[in-house]
Amino acid sequence: MADTDYKSTLNLPDTPFPMRGDLAKREPAWIAQWRERKLYERIRQHSAGRPKFILHDGPPYANNDIHVGHAVNKILKDIVVKSKTLAGFDAPYVPGWDCHGLPIEHMIEKKHGRNLEPNKARQLCRDYASEQIERQKADFQRLGILGDWDNPYKTMNFQTEADEIRALGKVWKQGLLYRGLKPVNWCIDCHSALAEAEVEYEDKNSTAIDVGYRVVDAVALTRIFAVADTRTPAFAVIWTTTPWTLPGSQAVSVHPEFTYALVDTPRGCLILAADLVEACLKRYELTGTVLATAPGKALDRLALQHPFYSRQVPIICGDHVTAEATGLVHTAPAHGAEDFDAGKAYDLPLDQPVGDDGRYISSVELFAGVNVRDADKPILALLEQNGVLIKSAPLRHSYPHCWRHKTPIIFRATTQWFIGMDRKGIGAKTLRESARQAIADTTFYPSWGRARLSAMIEGRPDWTLSRQRNWGVPLTFFLHKETNEPHPDTEALVEAAARKVEQGGIEAWFAAGAEDFGVDGSVYRKLTDTVDVWFDSGTTHFSVLRRLANGHHEQGHPADLYLEGSDQHRGWFQSSLLTGCAMDGRAPYKALLTHGFTVDGQGRKMSKSLGNVIAPQKVSDTLGAEIIRLWVGSTDYSGELSISDEILKRVVESYRRIRNTLRFLLANTADFDPAKDLLPPDQWLEIDRYALAMTRQMADACQADYERFEFHFVSQKLQAFCSEDLGGFYLDILKDRLYTCGKSSKPRRAAQSALHHITQVLLRLMAPILSFTAEEAWATLHPGAEESIFFHTWTDVLPAQPDESAMCAKWSRIREIRAAIQKRLEALRTAGGIGSSLQGEVIITANQADAALLRSLGADLRFVTITSSATVKEGATLEVEAVASAHPKCARCWHYRADVGSHAEHPHICGRCVDNLDPAGAGESRQHA
RNA sequence: UGUCGGAUAGCUCAGCGGGAGAGCACCCGGUUGAUAACCGGGAGGUCACGCGUUCAAAUCGCGUUCCGACGACCA
């Protein structure tokens with residue numbers, strides 16, 4: 001036989017599983033196949049009857065295409081659901097969408113104008129939301145997210161709208177809902193009140209002004225300050241950054257405990273907080289002398305002249321006044337929460353000078369029709385003209401903005417519906433108290449989420465629930481036209497409204513008249529307000545989770561997990577908590593998991609102007625969705641998630657390693673039929689059993705990582721396992737046995753048995769993250785079958801071995817010694833002594849224990865070291881001698897052996913190859929490696 | 001301005017009181033029977049900075065800087 005012919009006698013790897021994934025091109029076909037074969041439904045069937053794990057989807061808002069943040073969120077959810085499925089749970093996933101609310105209504109207004117007939121507007125909103133949902137849905141599915149995509153929940157489904165009305169009824173029944181007049185966050189562009197969750201702080205340029213309110217009663221002033229006379233007019237000086245609130249000014253507040261000074265200046269006598277006199281005078285560029293001081297409470301009710309109206313306003317006392325600026329605060333009850341409270345205490349008029357559109361109403365002298373945004377200039381001019389503008393200066397400060405419009409909001413007193421935080425509800429506890437308890441009963445991943453949510457609940461004001469908009473679920477109440485009291489049959493009427501909405505959607509409520517509910521329309525009026533859209537998603541635990549087996553879904557309540565970005569502590573986590581506590585006295589979730597936001601490689605936010613935006617659609621189309629999945633799965637999401645082209649490139653490299661390891665496993669078990677060829681571990685070689693032990697430990701650790709939702713540890717472990725334990729050790733050593741031993745020989749079948757188990761475990765462990773690849777490999781293992789990795793669990797795969805820990809200890813030491821050997825061989829190689837390590841022979845000197853360890857491997861030691869000969873000597877310290885073999889190279893197994901040529905029939909191969917080639921013989925015998 | 005979180009190799013991340021690590025990238029070499037793969041070796045970090053506690057600190061404490069989240073600054 002010629003040298004080259006021996007190659008055909010080897011068992012070389014063979015598999016259709018390609019080395020390159022070609023992911024971007026092939027993934028869509030997988031997704032199509034999953035849909036056709038109804039993979040999600042079939043997983044449901046396979047997991048029927050198992051304990052449930054309910055991840056309740058936080059609904060993304062049905063507007064705009066998805067960005068990386070969406071991708072991160074959905075992929076994390078998908079990893080959770082899939083890992084729970086593999087862990088032996090029945091873990092359904094029903095994606096949802098948040099459909100009502102201003103942003104959509106605004107889009108429609110932009111497109112079709114503001115004066116649409118309300119029902120027409122609602123129809124357009126509905127259609128628009130549906131379109132957006134379809135776009136987002138396609139992108140989510142493209143990421144490999146498995147779920148009930150044909151039956152998602154939408155907050156605009158009639159059923160869901162109706163159930164939200166029922167939820168509202170429940171909150172009302174608990175006595176937590178009330179109607180009240182008070183200043184709320186108001187967005188001029190929205191024409192609507194905003195909830196806390198819709199307000200964000202941004203820097204704004206304002207004009208900060210110091211305004212003098214002339215003291216009307218000079219006699220009273222001299223009495224208060226115990227001075228003889230103030231020859232000049234006296235002014236109480238206030239400082240404000242919102243000149244537009246001055247038309248609403250009804251008082252000037254001082255702190256009762258502060259000391260105030262009467263300061264004689266060229267501008268007249270100024271009343272300022274004593275501690276701030278110096279700073280103020282400097283700011284005003286004035287000189288002055290303090291004539292006298294008096295406590296704030298002595299100024300109480302001193303009459304002042306409004307800076308440009310004829311009315312007089314009093315000085316009042318309030319603890320909200322701080323020792324800043326002048327120490328006096330102008331007070332407009334319609335424009336601030338504290339002002340409102342102070343106004344209430346002093347029975348001040350609650351005039352509302354600003355209308356819905358942000359313009360002063362017609363009764364406002366001098367400024368009727370002026371938008372508050374344009375009011376600074378005329379007001380300043382007027383103050384100047386009246387000689388009461390003491391100072392004005394631009395100021396850049398942080399100011400509340402509408403989170404949708406990014407425009408500054410105003411405070412404006414309006415009549416709204418609120419959910420009271422401190423009203424007694426279930427169990428005679430206030431909502432705040434229930435929420436506090438519910439937070440204590442919730443598990444947080446990571447743990448600091450608890451402190452964050454608590455702090456928010458402690459500090460938050462009542463929930464402003466009503467909106468004066470069209471595209472939202474209505475507050476289905478009837479109020480008495482004179483008393484504004486709700487109808488006595490409110491509970492029944494809410495249910496009647498819910499039924500109507502169940503049939504015809506929210507449109508049905510708006511279309512109906514009071515008489516349609518048997519209510520006397522001459523006495524009661526039907527509300528047309530809608531609820532804050534946060535109430536929609538905040539009640540999905542009721543409208544979606546509670547709807548057991550009624551719709552397409554059978555879900556559970558409370559949910560096991562809510563998983564959202566950290567912004568949802570003030571959003572969905574909180575709105576759901578409050579409605580849960582209001583309705584059930586508990587949170588609708590058992591645990592909360594939160595992830596950070598996505599930033600670029602330098603830690604900067606993604607923005608179009610920076611050009612650092614990474615679109616998930618683009619990554620899917622170039623590198624493949626699998627790469628985004630692996631990126632998510634290998635990032636610590638508790639902080640920020642960095643993504644950039646370079647980072648993605650690294651992820652691709654890391655993916656290749658795992659994929660190729662898989663390919664090797666598949667290629668070397670292609671001829672292996674576990675039904676016929678699988679050997680039990682006690683018939684394996686020692687190193688195979690060690691490989692099994694390693695795999696088991698790795699699997700245990702990964703499963704624990706999944707359990708704690710720490711997926712990046714899983715990715716890290718899989719990567720390290722493939723590289724170090726398999727590629728760099730076990731598989732490298734195994735090649736000789738797999739290739740050169742008889743195809744069906746016991747040593748080879750033992751190796752394949754181990755590889756079979758490793759493959760099974762590896763695929764299960766990677767499947768939640770690398771779903772496309774795991775399914776592709778699974779299909780390779782089960783050609784033509786209606787199979788899926790997700791029909792299986794990872795709980796019962798690996799046989800346990802009794803001596804695992806001893807075995808691992810032993811082989812760890814062997815690997816350490818092996819590293820020393822490789823170092824020595826490398827030196828020999830660099831010196832030109834050898835090329836391949838098989839060209840080398842090693843003599844290992846080791847202490848007694850190590851020597852015993854190595855000798856226990858017998859003749860198989862040379863296979864572990866991948867040399868042609870390895871012998872052991874006992875000595876004091878570990879030393880390795882490596883030399884080039886003097887023997888000829890076996891043409892078949894490439895080992896350099898003395899017995900090459902000793903068989904006449906096979907003059908170019910070694911003894912064991914001769915044995916392995918003998919069809920009648922037993923083949924070579926191996927015990928250890 | 002407050003609270004919390006983070007700062008370890010080019011990248012992603014471990015380590016959390018006693019040797020500074022892994023994977024990927026990089027350099028060198030081997031192999032050509034995992035081959036647009038695989039194996040070996042190497043280089044690369046004053047573990048943000050400073051001060052403390054300790055026999056010993058990346059690891060504990062305090063402070064500083066930077067980054068981030070969340071509050072507040074609404075009058």
Side-chain angles (χ1 to χ4, degrees), chain A residues 6-7 10-13 15 19-20 183 185 199 201 238-242 245 249 252-253 318 320-322 324-325 328-333 335-340 342 397-400 409-411 446 448-449 451-453 455-456 459 566-567 569-570 594 596-597 599 601-605 631 634-636 638-640 642 644 646-657 659-661 663-668 712-713 715-724 727-729 731-732 735-736 738-740 819 822-823 825-827 829-830 834-839 866 892-894:
Chain A
Y6 286 106
K7 184 167 174 178
L10 297 170
N11 314 296
L12 293 177
T15 178
M19 182 152 69
R20 303 188 65 208
N185 299 310
V199 173
Y201 287 79
I238 62 98
W239 180 82
T240 180
T241 57
T242 51
T245 58
S249 188
V252 167
S253 295
H320 64 280
V321 178
T322 54
E324 290 163 293
L328 293 90
V329 183
H330 114 81
T331 298
H335 296 309
E338 285 160 340
D339 297 42
F340 179 81
H397 62 153
S398 158
Y399 187 85
I409 62 156
I410 60 175
F411 274 87
W448 45 258
R452 177 164 302 177
L453 193 55
M456 289 184 167
S566 56
D567 58 332
H569 282 97
R570 74 163 179 180
T594 195
F597 279 82
V599 297
Q602 277 80 52
R604 299 172 306 186
K605 285 183 181 166
W631 167 67
S634 54
T635 305
D636 176 6
S638 67
E640 298 175 318
S642 304
S644 65
E646 196 206 340
I647 290 168
L648 285 172
K649 209 173 120 194
R650 294 289 98 83
V651 175
V652 170
E653 301 292 346
S654 148
Y655 172 76
R656 287 212 187 115
R657 168 48 118 165
R659 183 175 180 97
N660 272 309
T661 304
R663 178 173 139 92
F664 183 90
L665 293 171
L666 296 175
N668 281 289
H712 69 290
F713 288 149
S715 303
Q716 236 172 279
K717 285 186 178 97
L718 289 177
Q719 179 80 33
F721 182 70
C722 288
S723 294
E724 290 191 88
F729 179 71
L731 299 184
D732 203 24
K735 283 183 210 167
D736 177 85
L738 288 166
Y739 298 168
T740 67
Q822 282 172 326
K823 212 162 247 185
L825 284 169
E826 184 64 25
R829 183 178 292 131
T830 309
I834 56 168
S836 130
S837 69
L838 279 178
Q839 213 178 329
I866 317 189
R892 185 167 177 277
C893 73
W894 294 346

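Here is the naming used below: chain letters follow the sequence lines, and residue numbers restart at 1 for every chain.
- Look at A:K735 and you won't find any side-chain N or O under 4.0 angstrom from OP1 or OP2 of B:rC39.
- Within the 3.5 Å criterion, the main-chain N or O of A:I409 finds a donor-acceptor partner in the side chain of A:Y399.
- Considering only side-chain N and O atoms, A:Y739 lies under 4.0 angstrom from the phosphate OP1 or OP2 of B:rA34.
- In this structure, B:rG61 forms a base pair with B:rC51, meeting either the Watson-Crick or the G-U wobble geometry with both donor-acceptor distances under 3.5 Å.
- Using a 4.0 Å heavy-atom distance criterion, A:N660 is classed as a base contact.
- A stacking contact between A:F597 and B:rA69 is absent: the pair does not combine a ring-centre distance of less than 5.5 Å to the base's six-membered ring with planes differing by less than 30°.
- For the pair A:D567 and A:R570, the salt-bridge criterion is not met [side-chain N within less than 4.0 Å of a carboxylate O].
- A:S634 comes within 4.0 angstrom of sugar-phosphate atoms only, judged by non-hydrogen atoms across all strands, and of no base.
- Rounding to the nearest 0.5 angstrom, the gap separating the SG atom in A:C893 from the CG atom in A:L838 is 7.5 Å.
- Residues A:R657 and A:S723 bring a donor and an acceptor atom of their side chains to less than 3.5 Å of each other.
- Within the 4.0 angstrom heavy-atom criterion, only backbone atoms of the sugar-phosphate kind lie near A:I647; the bases stay farther away.
- Rounded to an integer number of Å, the gap from A:M19 CE to B:rG33 C1' is 14 Å.
- Nearest to the side chain of A:S566, among B:rA69, B:rA34, B:rC74, sits B:rA69.
- Atom P of B:rG10 sits at a distance of 33 Å from the matching atom of B:rU53, rounded to the whole Å.
- Checking B:rC39, B:rG5, B:rA37 against every side-chain atom of A:R656, the shortest atom distance belongs to B:rA37.
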